[in-house]
Amino acid sequence: MPDLSSPRLAIVGGGPAGLMAAEVLLAQGAAVDLYDAMPSPGRKFLLAGVGGMNITHSEPYAAFVARYGASMAHIRPWLERFGPQAVRDWVHGLGIDTFVGSSGRVFPVEMKAAPLLRAWLQRLREAGLVLHVRHRFQGWTPQGALRFATPDGETVHSADACLLALGGGSWAKLGSDGAWVGLLRGHGIDVAALRPANCGFDIGWSEVLRSRFAGAPLKSVAASPDGENWRRGECVITAGGIEGSLVYALSAALRDRIEAEGSATLYLDLAPDRDLARLRGELGRPRASASIANHLRRQTGIEGVKASLLRECLSRDDFQDMGRLAESIKCLPLRLTAPRPLDEAISSAGGVRFAALDPGLMLLARPGVFCAGEMLDWEAPTGGYLLTACLASGRHAAEGMLDWLGRRSTPG
Ligand SMILES: Cc1cc2nc3c(=O)[nH]c(=O)nc-3n(C[C@H](O)[C@H](O)[C@H](O)COP(=O)(O)OP(=O)(O)OC[C@H]3O[C@@H](n4cnc5c(N)ncnc54)[C@H](O)[C@@H]3O)c2cc1C
């Protein structure tokens, strides 16, 4: 155990990653100052609780780890120390129960983040955390002290080691604005550009569709990035395109394709409970003098936003050809032209590259400076994977810091 009676440790960024790092360091008796640019910590964490805080997932561990895709090898060591079950136990330790939703997602009871954050901050304060709000990190002095902009002007704080947990670049008004990217690059640190993850996309609807259906949910549909691998769920038509959990789940692949090819196709199945043969049979029935919209509604139940989407995307001839119409219901291609801007995304891809860090998440270019959370170069779908990895990386980086301090204080 390192002698932590004297070192002063700084954490910059009071989201889940920074707060979890503080918990680990305080538990070892360290003096910890936490700085945040905002008037209070954990603002994005609170927002994440607005629509139902999904803190982790109950699926089997191997499937859980696989959700981190290309970054799995980097994230696995964090999760081995603090995985989905540990997250649940930790929430319970704050006096808040959890439950598993029908999708396997894990939520705190009441679904909210506020009670959890309140209990957590109280426990951290009791453990001695010193919180400095309205302190915007500006980089380092030539001597290595941390520089902050505050309402009273610039201030400088020294620490024996520091941990940055500055978040990604979405929802800038909540504090994580990605301004640190240029700052760290200026100090020679390799940072991959931040990109939207779990995001919506632009399509460019006609005025008719936009004015009548912006905000309309598309329920009981399936979507596919290639017309072969389908996933069921829900999405929402927006003024400029499409968003929602089903789209977010496919968004990394779609975003990468747009970057490579200029556009991407998202395929929708508007009637996943009916197969093509059934739809062909239903639509092939005589329609007498009924309009196509009425025939479609009577025979297949498709109406409203789904019917308008078909009308929007098909030529007049195809809309009137019942065979083509049936095929389009099962596989309607939508051309996505751009992901929505980073600020609107649920999370960010990109960040400090793992090659710039040692296994304890210390910056190779700045010994004594550790990084954690969404500011690292990984991405994951929604479903609790984001918060779990942020919490786990906060623990991992804090343990890396304790190791580093221990090695420094050990002679020889
Ligand atoms: C609408 C929405 C819903 C979400 N829902 C979920 C969900 O249900 N489940 C899930 O797993 N994830 C969810 N997320 C994602 C999750 O909230 C984030 O991944 C997580 O908060 C990131 O944690 P972090 O600690 O790395 O960064 P953040 O929570 O972004 O915290 C970073 C902190 O750093 C501070 N900061 C930034 N720059 C500076 C600076 N220069 N100086 C000082 N301080 C600075 C910020 O003020 C902020 O407090 C959601 C996100 C959004 C936007």
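Numbers for residues simply follow the sequence, beginning at 1. Order of appearance sets the numbers: ligands from 1, and atoms from 1 within every ligand. No hydrogens, no waters, no symmetry mates; every other heavy atom, side chains included, goes into these values.
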*Mind checking whether Y61 and F64 have parallel, tilted or perpendicular rings, split at 30° and 60°?*
parallel

*Do any nitrogen or oxygen atoms of M375 lie less than 3.5 angstrom from nitrogen or oxygen atoms of ligand 1?*
no

*For G167, counting its heavy atoms only, list the atoms of ligand 1 lying under 4.0 Å from any of them.*
26 (O), 27 (O), 30 (O), 32 (C)

_V12 neighbourhood, listing ligand 1 atoms whose heavy-atom distance to it stays under 4.0 Å_ = 43 (C)

*So, the side chain of D97 versus the backbone of P108: is there a donor-acceptor pair under 3.5 Å, distance only?*
no

*Hey, mind stepping through R210 and E207 against salt bridge (charged side-chain N to carboxylate O under 4.0 Å, His left out) and telling me if it holds?*
CA-CA 5 Å; R210 192 200 335 266; E207 187 48 39; 3.1 Å; yes

*Look at atom 1 (C) of ligand 1 and say which protein heavy atom is nearest, naming residue and atom and giving the distance to 0.1 Å.*
L47 CD2, 3.4 Å

_Could you identify the single nearest non-hydrogen protein atom to atom 35 (C) of ligand 1 and state the distance to 0.1 Å?_
D36 OD2, 3.4 Å

*What protein heavy atom sits nearest atom 36 (N) of ligand 1, and how far away is it?*
G175 O, 3.9 Å

*Are any of the N or O atoms of G42 closer than 3.5 Å to those of ligand 1?*
no

*Which option out of A149, A48, A37, S393 puts a heavy atom nearest to atom 44 (N) of ligand 1?*
A37

*Got a donor-acceptor contact below 3.5 angstrom from the S206 side chain to the L209 backbone?*
yes

*Considering L376, L387, I55, D343, which one's heavy-atom position lies nearest to atom 16 (C) of ligand 1?*
L387

*N/O to N/O below 3.5 Å, does that happen between G18 and ligand 1?*
no

*Does any N or O atom in S347 lie less than 3.5 angstrom from one in ligand 1, N or O only?*
no

*Of the protein's non-hydrogen atoms, which lies at the shortest distance from atom 15 (C) of ligand 1, and what is that distance?*
L386 CD1, 3.9 Å

*Start with the C-alpha distance between H132 and F148, add both sets of side-chain angles, then the distance that settles ring-ring contact (aromatic ring centres under 6.0 Å, His included), and finish with yes or no.*
CA-CA 10 Å; H132 307 260; F148 294 97; 7.8 Å; no

*Using a 4.0 Å heavy-atom threshold (strictly under), name the region of H135 that reaches ligand 1: side chain, backbone, both or neither.*
backbone

_Nearest protein heavy atom with distance in Å, relative to atom 2 (C) of ligand 1_ = I346 CD1, 3.8 Å

*Hey, does R136 sit under 4.0 Å from ligand 1 if you only count heavy atoms?*
yes

*Can you list the atoms of ligand 1 that are under 4.0 Å from a heavy atom of W171?*
53 (C)

*Does ligand 1 have any atom that is closer than 4.0 Å to a heavy atom of G14?*
yes

*Is the W78 ring parallel, tilted or perpendicular to the H396 ring (thresholds 30°, 60°)?*
tilted

Return all side-chain donor-acceptor pairs below 3.5 angstrom for residues 378-394, not counting sequence neighbours, or 'none' if the list is empty.
| unit_1 | atom_1 | unit_2 | atom_2 | d |
| --- | --- | --- | --- | --- |
| W378 | NE1 | G373 | O | 3.0 |
| E379 | OE1 | R255 | NH1 | 3.1 |
| E379 | OE2 | R255 | NH2 | 2.7 |
| Y385 | OH | E59 | OE2 | 2.7 |
| Y385 | OH | R67 | NE | 3.3 |
| T388 | OG1 | I55 | O | 3.1 |
| T388 | OG1 | T56 | OG1 | 2.9 |
| T388 | OG1 | G384 | O | 2.7 |
| S393 | OG | G373 | N | 2.8 |
| S393 | OG | A389 | O | 3.1 |
| S393 | OG | C390 | O | 2.9 |

*Kindly indicate whether the side chain of W171, heavy atoms from C-beta on, has any atom under 4.5 Å from the side chain of R43.*
no

*Do any N or O atoms from the side chain of K306 and from the backbone of L270 form a donor-acceptor pair under 3.5 angstrom?*
yes

_Looking at S308 and V305, would you say the former's side chain and the latter's main chain have a donor-acceptor pair under 3.5 Å?_
no

*ring pair (Phe, Tyr, Trp, His ring centres under 6.0 Å) involving H295 - partner list, sequence neighbours excluded*: none

*Within a distance under 4.0 Å of any heavy atom of F137, pick out the atoms of ligand 1 and give their elements.*
40 (C), 41 (N), 42 (N), 43 (C)

*Say whether C390, considering both its backbone and side-chain N or O atoms, lies within less than 3.5 Å of an N or O atom on ligand 1.*
no

*Would you confirm whether S58, through its side chain, and G104, through its main-chain N or O, come within 3.5 Å as a donor-acceptor pair?*
yes

*Under 4.0 Å from any heavy atom of G384, which atoms of ligand 1 are there?*
11 (O)

*Which ligand 1 atoms does A165 reach within 4.0 Å, using its non-hydrogen atoms?*
32 (C), 33 (C), 34 (O)

_Need the ligand 1 atom indices (1-based, order shown) with element for anything under 4.0 Å from a heavy-atom of G373._
26 (O)

*With a cut-off of 6.0 Å (strictly less than), are more than 12 heavy atoms of other residues, nucleotides or ligands near CZ of R8?*
yes

*In terms of atom number and element, which parts of ligand 1 are under 4.0 angstrom from non-hydrogen atoms of G13?*
33 (C), 34 (O), 35 (C)

*Region of P16 that comes within reach of ligand 1 [heavy atoms, distance under 4.0 Å]*: both

*Starting from atom 39 (C) of ligand 1, which protein heavy atom do you reach first, and at what distance in Å?*
L166 CD2, 3.6 Å

*Whether E374 side chain and S347 backbone form a donor-acceptor pair below 3.5 Å*: no

